[in-house]
Amino acid sequence: MLDLRYIRENAGAVKKNCADRGVEADVDLVVGLADRRSALLQELEGLRARQNQLAKAVGKERDEGARARLIEESRELKERIPELEEELHRVEERLTEEQLKIPNLTHPEAPIGKDDSENVEIRRWGEPKEFGFEPKDHVELGEALGIIDFDAGAKTTGSKFYFLRGDAVLLELGLVRFALDLLSGRGYELAMTPDLARDRMLLGTGFVPRGPETQIYSVEDTDLSLIATAEITLAGQLADEIVEEGSLPRRFAGLSHCFRTEAGAHGRASRGLYRVHQFTKVEMFAFTTPEQSEEMHREMLGIEEEIFRTLEIPYRVVDICTGDLGAAAYRKYDVEAWMPGRRDYGEVTSTSNTTDYQARRLGIRYRPEGGRPRLLHTLNGTAIAVSRTMIALLENHQREDGSVVLPEALVPYVGREVLGPPHR
RNA sequence: GGAGGAGUGGCCGAGCGGCCGAAGGCGGCACCCUGCUAAGGUGUUAUACCUCUAACAGGGGUAUCGAGGGUUCGAAUCCCUCCUCCUCCGCCA
């Protein structure tokens, strides 16, 4: 959410930003509603001031007649005030609804573009490996090894769900522990968060919990949804709080399951583990001062790259263009790993600087030394999204016989050098 | 799930239906004093929004004492619902 005053005073710039991002938001409507709200508020506050005045006067008035007159006027106000309040409430509800559609501002250096085809590659690491044989994709590899079972997932739960078996279980746990160890050493507080969160936390972080275009599973008859990422709970943990400046930056490494309906995503490149409804992820999250956030963003991207270099997986880094930023991001970088099964790079991590966009909605502020509270900045980045990392790992490190050699750094975490069929 | 208790400012903690945005303490800030340090003294210190104004300086106003309703001329204070936390019992991984 953007600051209402900023929107009113910079309607032109906000409109241009919406256009750059390809977002349909009615800025004029927001401004109109904001004006209406101000007018109502002024009228209402005037009446309330009179009401308070009267109440105070009644307490002091000794003359019975005068007292009765004061109470009479007060009773009249008591009728009118709720009517205005109701109208104000309606206007504010509508205003918030429209205001939420307006995306965050954009970093001046973010590339302008309409969709992911206009994202800008900024660097590459590693060369796609030449196999001396026809490489298989992770679905073939996983099923042949008996370690990824889509049929069982589909039977018990539905398509795009899966069982991990045998060495894949150890691989998931090893990847998670590998990431946690690395982040713990970089000053990230380890956290396992709830896998569900209140709708307010989803809205606050820029997700749409319910409705036709939602990507979120919500629980009926409650205000809870399954989280799409621990970003939601990690951001929400400080909702409505004011933290001391000295405690910033504050870094978290959050482990959670992630749930996504992926509505409308069928038919696209989504074979196997690439686009699933549930996966495990270690997420980086940070609260910073406005001055610290760009540096923190670079730090997160650096860690993401380091992880994939350590896993010996070729990747490229992409600067996400305006049309592909989503609502909350001011700037976003993706790391895309080489996936031999696709003969292409595929997104494995994403890191965003959301500036004060989430903090405003969630009410998270910090107190500068001796100053008034200011909104802080929030950032997030993927350390390891297990499912997609598993794709890259299996496909890049496969051998002709269908077994998979683990990168050295992972061996102690998985307890194996080679992934093979489960023990019978 | 059952029975009790509690939710107040950055933190702790008072609070008779009107004089309470709220005592007191801690912490913070400013100044004073003490040759350093420690201690002490005085003052100050919630947030958002509206409005006057050249003003992010001041003045005025509204709201906020877990949330939402209600009673009342008037609610932190009374009533209802919900949420959260604590204690005890039951159940359970």
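Small disclaimer: the values here were computed from a predicted structure and weren't measured. In what follows, chains carry the letters A, B, and so on, assigned in the order in which the sequence lines appear, proteins first and then strands, with residues in each chain numbered from 1. FYI, side chains are in, hydrogens and waters are out, and symmetry mates aren't considered; it's all heavy atoms of this structure.
If you find the closest nucleotide of RNA chain B to G46(A) and to E244(A), the one lying nearer the 5' end belongs to E244(A). Between R8(A) and K56(A), the one whose closest nucleotide on RNA chain B sits nearer the 5' end is K56(A).
Atom CD of E291(A) has more than 12 neighbouring heavy atoms from other residues, nucleotides or ligands inside a 6.0 Å radius. Counted within 6.0 Å of CZ on R80(A), heavy atoms from surrounding residues, nucleotides or ligands total 12 or fewer; the atom is thus considered open.
Atom pair Q53(A):CD and G18(B):C1' shows a separation of 15 Å (rounding to whole Å applied). C29(B) atom P lies 13 Å from atom CD of E245(A), rounded to whole Å. What separates CZ of R360(A) from C1' of A48(B) is a distance of 13 Å, to the nearest Å. If you measure from atom CG of L224(A) to atom C1' of U84(B), you get 14 Å, rounded to the nearest angstrom. Distance R48(A) CZ to G74(B) P: 13 Å, rounded to the nearest Å. Whole-Å rounding puts the D240(A) CG to A46(B) C1' distance at 15 Å. Note: OH (Y6(A)) to C1' (C56(B)) measures 18 Å, nearest angstrom. If you measure from atom CZ of R200(A) to atom P of A67(B), you get 12 Å, rounded to the nearest angstrom.
If you check every strand for non-hydrogen atoms under 4.0 Å, L41(A) touches sugar and phosphate atoms only.
A distance of about 14 Å separates the P atoms of C80(B) and A6(B), rounded to the whole Å. Nucleotides G17(B) and G74(B), compared at atom C1', are 8 Å apart to the nearest Å. Distance check on atom P: A67(B) versus C52(B) gives 30 Å, rounded to whole Å. Between G60(B) and G25(B), the two C1' atoms lie 32 Å apart (nearest whole Å). Distance check on atom P: C73(B) versus G58(B) gives 40 Å, rounded to whole Å. Taking the P atom of each, G66(B) and U72(B) are spaced 23 Å apart, rounded to whole Å. Between A30(B) and A22(B), the two C1' atoms lie 24 Å apart (nearest whole Å). Atom C1' of U8(B) sits at a distance of 4 Å from the matching atom of C65(B), rounded to the whole Å.
Using the Watson-Crick or G-U wobble rule with both distances under 3.5 Å, C20(B) pairs with nothing in any strand shown. Across all strands shown, C26(B) forms a Watson-Crick or G-U wobble pair, both distances under 3.5 Å, with G10(B). The base-pairing partner of G4(B), taking Watson-Crick or G-U wobble contacts with both distances under 3.5 Å, is C86(B). As the counterpart of U64(B), A46(B) is assigned, both hydrogen-bonding distances of the Watson-Crick or G-U wobble pattern falling under 3.5 Å. Of the nucleotides present, none pairs with A76(B) by Watson-Crick or G-U wobble criteria with both distances under 3.5 Å. Within the shown strands, nothing qualifies as a pairing partner of A55(B) under the Watson-Crick or G-U definition with both distances less than 3.5 Å. The partner of U34(B) is absent, by the rule that a Watson-Crick or G-U pair needs both atom distances under 3.5 Å.
Contact annotation: K78(A) reaches the phosphate of G74(B) (side-chain N/O to OP1 or OP2, under 4.0 Å). Residue R367(A) places none of its side-chain N or O atoms closer than 4.0 Å to OP1 or OP2 of U45(B). Between Q42(A) and C50(B), a side-chain N or O to OP1/OP2 separation shorter than 4.0 Å is absent. For the OP1/OP2 pair of G10(B) and a distance below 4.0 Å, the side-chain nitrogens and oxygens of R365(A) include no atom meeting the criterion.
With C50(B), A63(B), C73(B) as the choices, the nucleotide that has an atom nearest any side-chain atom of N52(A) turns out to be A63(B). For R198(A), whose side chain is taken as the heavy atoms from C-beta onward, the closest listed nucleotide among C73(B), C49(B), C83(B) is C83(B). Which of U47(B), U51(B), G61(B) sits closest to the side chain of R372(A) comes down to U47(B).
When N353(A), D319(A), T354(A) are each tested for a side-chain hydrogen bond (donor to acceptor under 3.5 Å, both in side chains) with R331(A), only one passes: D319(A). When F259(A), F150(A), F161(A) are each tested for a ring-ring contact (aromatic ring centres under 6.0 Å, His included) with H277(A), only one passes: F161(A).
Proximity of F207(A) to I232(A): side-chain heavy atoms (C-beta onward) are separated by under 4.5 Å at one or more points. No side-chain heavy atom of L88(A) sits less than 4.5 Å from a side-chain heavy atom of E85(A).
In this structure, R342(A) forms a cation-pi arrangement with Y274(A), its terminal cationic atom sitting closer than 6.0 Å to the ring centre and no more than 45° off the ring axis.
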